[in-house]
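Notes for the one structure printed next.
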Number of protein chains: 2
Amino acid sequence: MDGNKVRNMEEFAMLSGISRPTLSKYFHDPESVRNSTRDRIEKALAEYDYRPNIFAMNQNRRTTNNIGIVVPFLADPFFAEIARNLEQRCIAAGYSPILFSAHGDPALEVEILDSLRSQKPAGVLLAPLGRASDRRHIEKFTAEVPTVLFDSRIPDMGSAFVGMDNTQSMRMLVNYLCESGSPPNFLEMRVAVNPNVNRRRIAYVSAMEALGHMPEIVRIDGEGWEFEDIGLQGGLTAFATGRFTSNTILCSNDRLAIGLLSAAYRSNLTVGRGENTDFRIAGHDDHPFSRFTCPALTTVSQDYGSISDKSLEILFELINSEKRSEIGSDCLFDGILIPRASA
Amino acid sequence: MDGNKVRNMEEFAMLSGISRPTLSKYFHDPESVRNSTRDRIEKALAEYDYRPNIFAMNQNRRTTNNIGIVVPFLADPFFAEIARNLEQRCIAAGYSPILFSAHGDPALEVEILDSLRSQKPAGVLLAPLGRASDRRHIEKFTAEVPTVLFDSRIPDMGSAFVGMDNTQSMRMLVNYLCESGSPPNFLEMRVAVNPNVNRRRIAYVSAMEALGHMPEIVRIDGEGWEFEDIGLQGGLTAFATGRFTSNTILCSNDRLAIGLLSAAYRSNLTVGRGENTDFRIAGHDDHPFSRFTCPALTTVSQDYGSISDKSLEILFELINSEKRSEIGSDCLFDGILIPRASA
DNA sequence: AAAAGAAGTTGACGCGCGTAAAGTTTCTAA
DNA sequence: TTAGAAACTTTACGCGCGTCAACTTCTTTT
């Protein structure tokens with residue numbers, strides 16, 4: 001390209017010898033013009049370095065080409081990884097992803113949704129904060145914008161949901177732990193940040209009861225999204241005061257488990273499935289770092305790829321179908337047991 | 001708000017009894033109108049739920065209210081944490097941050113820059129991929145858009161840079177390790193992803209030589225951004241084949257060190273600064289997870305807050321000053337030694 | 001080769017807001 | 001109180017592109 005800056009489509013029409021409406025069609029969908037025309041346009045494009053003004057483009061469109069991705073806490077590598085998957089799939093599908101993190105703040109989540117609405121996105125993939133979310137606001141949003149909720153289900157919310165089957169995964173984990181050693185305690189934060197934790201606790205209880213074991217739940221203090229630190233502090237206290245009734249601890253998620261591993265290490269307790277260890281520890285989610293803890297963490301894998309694929313598949317259906325209300329069903333994926341050295 | 005949807009500013013002008021140009025001023029800067037007028041507008045705003053069309057707004061502005069934040073790999077919690085800091089500070093300063101990750105892909109980095117340019121951002125905070133970046137492209141971009149580079153310096157690039165002083169931090173780390181035990185080996189990836197690593201190696205060598213020690217560099221194979229895995233695999237091999245000439249290993253960054261810790265654990269080697277341990281391991285960056293490794297990782301802290309603050313401070317200067325070319329100096333922060341149990 | 005259909009051209013209007021000019025009202029200060 | 005400044009209103013045009021209607025040119029079909 002010559003670097004000649006072309007101011008607008010009109011000017012580019014002059015230079016390329018193509019009429020402006022045809023150019024408009026081309027930029028909306030390159031396949032919609034004749035091959036010979038497309039060639040001429042692209043030849044001119046290579047020469048003159050013109051890009052249509054996106055603001056003017058979007059002003060008159062009912063929806064843009066953008067897909068919003070909203071996660072509750074991006075500094076959590078779990079969400080970073082999911083976001084990465086979603087982004088790449090959006091791009092592959094010809095959309096422009098826009099990424100937002102609520103940073104654990106419900107007010108920010110509301111703001112993000114508001115600003116997103118005014119950006120007329122084609123659709124939105126939303127992992128809500130959960131318990132702290134402003135449900136009315138989210139409901140209103142989903143009514144206006146094609147939205148797929150993922151990771152964290154909000155009860156009675158009409159839109160589609162993609163996530164994992166906590167009941168299945170916890171049962172699997174409990175069964176595995178019971179078969180390979182003593183029945184586990186369940187470790188969770190006193191204040192649950194999202195409904196997944198509640199479902200996991202319930203699933204834990206029923207899985208334990210089904211095996212004829214007494215469920216035992218250990219709750220630790222701490223609020224916010226610094227799960228590792230909460231797991232560490234709570235774990236130190238719990239180990240020191242002997243709050244665990246089993247040598248096997250099942251944590252409500254991997255980040256808590258990572259903190260607990262650290263607490264065990266600092267308490268001079270060994271962790272692992274061997275004979276001479278003090279504790280076994282398991283988590284849930286297959287957090288990107290769980291492979292590298294010492295010992296590596298036994299957990300249940302959420303299949304990031306499948307969840308991403310399915311979320312987008314449903315979203316595209318929503319976008320392309322007029323009657324949005326019809327698709328409101330949940331789609332739950334089974335977790336896969338990832339046995340590692342910790343349990 | 002009644003939920004009455006107002007289509008445009010003209011209609012809102014009718015309903016509120018304020019002229020459209022005044023409303024336009026208000027939305028551009030609420031402080032620019034008289035108190036009584038602002039009150040009337042905000043009263044109407046509460047009643048009618050109107051938001052100006054951002055596309056129409058931005059079409060006629062030379063620059064928008066947006067600040068682009070581009071990082072090389074968002075699934076790396078280090079960048080997630082920096083991005084979080086930057087985002088929150090942008091919001092506090094009245095800007096709208098837009099977050100992008102190149103996902104380790106130079107082509108995507110170029111695309112992001114291109115699409116960013118057409119969005120007329122007020123400014124951009126860019127942590128380039130480094131070695132793999134398309135330098136010409138970035139240079140062209142920085143010439144058009146006020147840009148502050150951070151984390152990874154690109155040599156001879158004209159724009160401002162904020163980062164950390166690798167020479168200082170490595171010297172500090174080497175001194176600490178030598179005082180408290182044997183002089184360290186330096187562990188790095190054979191293929192450096194960014195210039196920081198090179199600078200750290202050089203700083204390591206000169207710090208060692210200054211103390212009269214023989215520098216020893218261990219390079220491990222592996223490409224890409226999966227540093228932990230590379231550290232793990234490379235570490236396993238290195239331990240097995242006895243490639244280390246010291247019991248103290250200084251890694252070029254924390255993620256590599258986390259992998260190496262895992263390799264040591266799997267090789268039944270103990271790590272720590274105690275008498276009876278096999279190895280001491282240290283990293284660099286104070287990665288969010290380094291506090292929770294077993295043992296906790298000794299490292300050098302990059303002060304996320306200061307780097308974010310300074311980056312934005314310089315960016316705002318760039319935005320508000322006409323002659324951009326003048327501000328081209330580096331701003332380097334000292335690291336802070338974080339001694340933990342691993343070394 | 002003629003007719004039908006697809007694709008392109010010309011011309012024109014509208015989107016919602018920025019912004020300038022000219023006139024009017026309201027505030028500020030002496 | 002009153003002049004002057006500041007803020008507001010009215011009017012009008014422009015931004016760059018979407019899109020429609022009517023017409024022309026090119027491609028395809030039998």
Side-chain angles (χ1 to χ4, degrees), chain A residues 4-45 48-66 96 114-115 117-122, chain B residues 4-45 48-66 96 114-115 117-122:
Chain A
N4 305 332
K5 285 177 195 161
V6 181
R7 331 181 72 174
N8 54 32
M9 205 181 272
E10 186 111 35
E11 193 174 321
F12 185 65
M14 306 280 338
L15 293 167
S16 63
I18 307 279
S19 72
R20 203 173 63 72
T22 302
L23 288 175
S24 181
K25 268 186 74 180
Y26 169 84
F27 285 115
H28 184 48
D29 174 16
E31 301 297 315
S32 67
V33 301
R34 210 183 285 149
N35 288 11
S36 56
T37 312
R38 184 163 54 250
D39 289 346
R40 287 170 61 203
I41 294 176
E42 280 164 5
K43 204 180 132 204
L45 224 38
Y48 291 108
D49 180 28
Y50 161 75
R51 297 191 64 166
N53 179 315
I54 49 166
F55 299 109
M57 282 184 66
N58 290 332
Q59 179 175 9
N60 299 320
R61 274 207 209 306
R62 222 190 72 254
T63 84
T64 67
N65 184 38
N66 302 325
S96 300
D114 274 351
S115 88
R117 195 156 42 118
S118 70
Q119 290 205 32
K120 311 189 223 170
Chain B
N4 305 332
K5 285 177 194 162
V6 181
R7 330 182 75 171
N8 55 33
M9 204 181 274
E10 187 110 34
E11 193 175 322
F12 184 66
M14 306 280 336
L15 293 167
S16 63
I18 306 280
S19 72
R20 203 174 64 72
T22 302
L23 287 175
S24 180
K25 268 186 75 181
Y26 168 83
F27 286 115
H28 184 46
D29 174 15
E31 300 298 315
S32 67
V33 301
R34 209 183 286 149
N35 287 12
S36 56
T37 312
R38 184 164 54 249
D39 289 346
R40 287 170 61 203
I41 294 176
E42 280 164 4
K43 204 180 131 204
L45 224 38
Y48 291 108
D49 180 29
Y50 161 76
R51 296 191 65 166
N53 179 315
I54 50 167
F55 299 108
M57 281 184 68
N58 289 334
Q59 180 176 9
N60 298 319
R61 275 207 207 304
R62 223 190 71 253
T63 84
T64 67
N65 188 34
N66 302 324
S96 300
D114 274 349
S115 88
R117 195 157 44 118
S118 70
Q119 290 205 30
K120 311 188 224 169

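Predicted model, so just to flag it, every value in this text is computed and none were measured. Convention: sequence-line order gives letters A, B, ...; per-chain numbering from 1.
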Exercise for review: Could you tell me the separation between the CD atom of A:Glu31 and the P atom of C:dA6, rounded to a whole number of Å?
Suggested key: 18 Å

Exercise for review: Would you indicate whether A:Glu10, at its atom CD, is surrounded by more than 12 heavy atoms from other residues, nucleotides or ligands within a distance under 6.0 Å?
Suggested key: no

Practice item. Nearest whole angstrom, please: distance from the P of D:dT9 to the NZ of B:Lys25. Key: 10 Å

Practice item. Determine the contact category for A:Pro52: base if any of its heavy atoms lies under 4.0 Å from a base atom, sugar-phosphate if only primed atoms, P, OP1 or OP2 are that close, otherwise nothing. Key: sugar-phosphate

Check your understanding: Can you tell which of D:dT9, C:dA12, C:dT19 lies closest to the side chain of B:Arg61?
Key -> C:dT19

Exercise for review: Go through D:dC8, C:dG18, D:dG16 for me and flag the one nearest to the B:Val33 side chain.
Suggested key: D:dC8

Review point. Which part of the nucleic acid, if any, lies within contact of A:Thr37, taking any heavy atom under 4.0 Å across all strands shown: a base, the sugar-phosphate backbone alone, or nothing?
Key: sugar-phosphate

Review point. Which is it for A:Tyr50 and A:Leu15 under the side chain to side chain contact (heavy atoms under 4.5 Å, CB included) test, yes or no, and what are the steps along the way?
Key: CA-CA 11 Å; A:Tyr50 161 75; A:Leu15 293 167; over 6 Å; no

Review point. Any idea which of C:dG8, C:dC17, D:dG16 is nearest the B:Tyr50 side chain?
Key: C:dC17

Review point. Atom CG of B:Asn60 to atom C1' of C:dC15: distance rounded to whole Å?
Key: 11 Å

**Study point:** Nearest listed nucleotide, side chain of A:Pro21, among D:dC17, D:dC26, C:dT10
**Key:** C:dT10

Point to revise | Phosphate-side-chain proximity, B:Ser19 and D:dT9, N/O vs OP1/OP2 below 4.0 Å | key: yes

Exercise for review: Specify the separation, in whole Å, of atom CG of B:Asn58 and atom P of D:dC17.
Suggested key: 15 Å

Practice item. Return the value, rounded to whole Å, for the distance between atom CZ of A:Arg7 and atom C1' of D:dC17. Key: 16 Å

Exercise for review: To the nearest Å, give me how far apart CZ (A:Phe12) and C1' (D:dG16) are.
Suggested key: 15 Å

**Study point:** Length of the line joining A:Leu23:CG and C:dT10:P, which is rounded to integer Å
**Key:** 11 Å

Check your understanding: Rounded to the Å, how far apart are B:Arg62 CZ and D:dG16 C1'?
Key -> 18 Å

Exercise for review: Please determine if a side-chain N or O atom of A:Asn8 lies less than 4.0 Å away from the OP1 or OP2 oxygen of D:dG16.
Suggested key: yes

Review point. Looking just at side-chain N and O atoms, do A:Arg38 and A:Asn35 make a donor-acceptor pair shorter than 3.5 Å?
Key: yes

Point to revise | Shortest side-chain distance from A:Ser24, nucleotide among C:dG18, C:dG16, D:dT19 | key: D:dT19

**Study point:** Quiz item: B:Arg20 side-chain donor-acceptor pair to C:dG18 base, under 3.5 Å
**Key:** yes

**Study point:** Selected nucleotide, minimal atom distance to A:Gln59 side chain, candidates C:dG16, D:dG18, C:dC17
**Key:** C:dG16

**Study point:** Donor-acceptor contact below 3.5 Å, side chain A:Lys25 vs main chain A:Val33
**Key:** no

Point to revise | Worked verdict on A:Tyr26 versus A:Glu42 for side chain to side chain contact (heavy atoms under 4.5 Å, CB included) | key: CA-CA 10 Å; A:Tyr26 169 84; A:Glu42 280 164 5; 2.8 Å; yes

Exercise for review: Spell out yes or no: do the side chain of B:Asn53 and the base of C:dC17 have one donor N/O and one acceptor N/O closer than 3.5 Å?
Suggested key: no

